[in-house]
Amino acid sequence: MTLLGDSEEAMGDRPVQSKSTLGKGTRVTGKSRDRLQNQLKKQYEAGASIRSLARATGRSYGFIHNVLTESHVQLRSRGGANRRKAR
């Protein structure tokens, strides 16, 4: 199982470098899930996006979202420009 390094950059949508990736669809349970939750929580709170964490770990957006939700992380709102009302 792979955890993302603390010293690696985790800002915005820039890819977060990982030492290796988790196998797609591999179950992550027990202590390894707890470690993954802590790592993802730290990086997300440091500014990494869910998408960049998903790319770095080789997991889906939904998996990362669920892990962060289980960790009681306050998720940020969507970024990007707001749409203006049509005239």
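Bear in mind that the values here come from a model prediction, so they are computed numbers and not experimental data.
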ask   = Rounded to the nearest 0.5 Å, what separation is found between the CD atom of Gln39 and the OG1 atom of Thr57?
value = 11.5 Å
task = Calculate, to the nearest 0.5 Å, the distance between atoms CZ and OG belonging to Arg76 and Ser49 respectively.
result = 7.5 Å
query = Is Arg55 positioned over the aromatic face of Tyr61, cation under 6.0 angstrom from the ring centre and no more than 45 degrees off axis?
reply = no
Heavy-atom closest contact (Leu36 atom, Phe63 atom, distance) = CD2-CE2, 3.8 Å
Residues that Glu70 engages under side-chain hydrogen bond (donor to acceptor under 3.5 Å, both in side chains), provided they are two or more places apart = Arg33, Gln37
task = Find out whether Leu40 and Val73 are in side-chain contact, i.e. whether some heavy atom of one side chain is under 4.5 Å from a heavy atom of the other.
result = no
ask   = Atom CD of Gln43 and atom CG of Leu53: how far apart are they, to the nearest 0.5 Å?
value = 6.0 Å
ask   = Would a distance-only check, ignoring hydrogens and angles, find a side-chain to backbone donor-acceptor pair under 3.5 Å from Thr69 to His65?
value = yes
query = Looking at side-chain heavy atoms only, is the closest gap between Val67 and Arg59 below 4.5 Å?
reply = no
ask   = For the side chain of Tyr44 and the backbone of Leu75, is there at least one donor-acceptor N/O pair under 3.5 Å apart?
value = no
